[in-house]
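Worth saying up front: this structure is predicted, and the values here are computed from it rather than measured.
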Amino acid sequence: MTSKMIRGVVVAFAAAAVFAASATSAAAADRRVVVVNDTNHTMTNLYASSVRDSRYHGDWLGRSVLRPGESMVVDFNDGSGACLMDVKGVFSDHTSATNRYNVCRGSEMDFTGN
């Protein structure tokens, strides 16, 4: 094998390693976000899905609710590796609010208004 061929193999291996590391870091990103209810109504449900998915899945609050002024840490890790999520909060007055949020970069998601 010539030195040119060896160098090509090394470059290809290094590129593959960089690609794998970046994919792993996105997959391993911390998706815990503090969700803050800065509204006048209790948040009864919190739905989220990858922006690539047209449907919301599950209720991330579970049996909990967020009263006005309360906050809680939510781990938005849905196993998809997605960072950009569509998030919908549903409130006790039957209104809702949606946010598009990068759960890998942000640390706090505020729901305001109503």
Side-chain angles (χ1 to χ4, degrees):
M1 196 178 261
T2 68
S3 64
K4 208 179 243 186
M5 290 172 71
I6 292 171
R7 187 175 28 192
V9 169
V10 169
V11 169
F13 179 75
V18 168
F19 177 75
S22 64
T24 301
S25 65
D30 186 359
R31 290 173 174 76
R32 288 175 295 180
V33 176
V34 177
V35 176
V36 180
N37 181 4
D38 279 333
T39 72
N40 295 319
H41 300 281
T42 299
M43 182 184 290
T44 57
N45 305 90
L46 182 66
Y47 302 105
S49 68
S50 162
V51 297
R52 292 175 274 172
D53 192 344
S54 61
R55 294 181 2 178
Y56 290 108
H57 299 280
D59 181 359
W60 293 85
L61 291 181
R63 294 179 183 220
S64 299
V65 297
L66 277 180
R67 289 177 177 69
E70 288 185 337
S71 63
M72 71 182 293
V73 176
V74 177
D75 186 354
F76 286 98
N77 186 0
D78 65 355
S80 71
C83 288
L84 196 56
M85 307 282 279
D86 286 327
V87 182
K88 178 180 178 181
V90 179
F91 298 90
S92 58
D93 66 344
H94 306 290
T95 61
S96 63
T98 57
N99 288 324
R100 180 161 282 183
Y101 197 78
N102 187 328
V103 297
C104 296
R105 290 193 182 158
S107 60
E108 186 173 292
M109 179 187 309
D110 296 312
F111 284 87
T112 60
N114 76 351

Of all the heavy-atom pairs spanning Cys104 and Ala82, show the shortest one and how long it is.
SG-O, 4.4 Å

Rounded to the nearest 0.5 Å, what separates atom CG in Leu66 from atom OG in Ser92?
11.5 Å

Would you mind listing every salt bridge (charged side-chain N to carboxylate O under 4.0 Å, His left out) that reaches into residues 32-45, with sequence neighbours excluded?
Asp30-Arg32

How would you list all residue pairs meeting side chain to side chain donor-acceptor pair (under 3.5 Å) that involve residues 97-111, not counting sequence neighbours?
Asp86-Arg100

Does the side chain of Pro68 reach to within under 4.5 Å of the side chain of His41, using non-hydrogen atoms?
no

So do Leu61 and Thr44 actually touch side chain to side chain, heavy atoms under 4.5 Å?
no

Set of residues satisfying side chain to side chain donor-acceptor pair (under 3.5 Å) with respect to Ser80, sequence neighbours excluded:
Asp78

Please collect all side chain to side chain donor-acceptor pair (under 3.5 Å) contacts where either partner lies in residues 64-73, sequence neighbours excluded, each pair once.
none

Taking salt bridge (charged side-chain N to carboxylate O under 4.0 Å, His left out) as the cut-off, I'd like each qualifying pair that reaches into residues 48-60, sequence neighbours left out, listed once.
none

Measure across His57 and Ser49 and return the closest heavy-atom pair with its distance rounded to 0.1 Å.
CD2-CB, 4.1 Å

Transitive ILVMFWY cluster of Tyr47, excluding itself - 4.5 Å side-chain cut-off:
Tyr56, Val90

Kindly give the cluster partners of Leu84, where membership spreads through any ILVMFWY side chain lying under 4.5 Å from a current member.
Val51

Atom CE of Met109 and atom CG of Leu46: how far apart are they, to the nearest 0.5 Å?
7.0 Å

Applying ring pair (Phe, Tyr, Trp, His ring centres under 6.0 Å), name anything that partners Phe76, two or more places apart in sequence or on another chain.
Trp60

Rounded to the nearest 0.5 Å, what separates atom SG in Cys83 from atom CG in Asn77?
9.5 Å

Joint cluster assignment, Met72 & Val103, ILVMFWY side-chain distance < 4.5 Å:
yes

Which atoms form the tightest heavy-atom contact between Asn37 and Met43, and what is the distance?
ND2-N, 3.4 Å

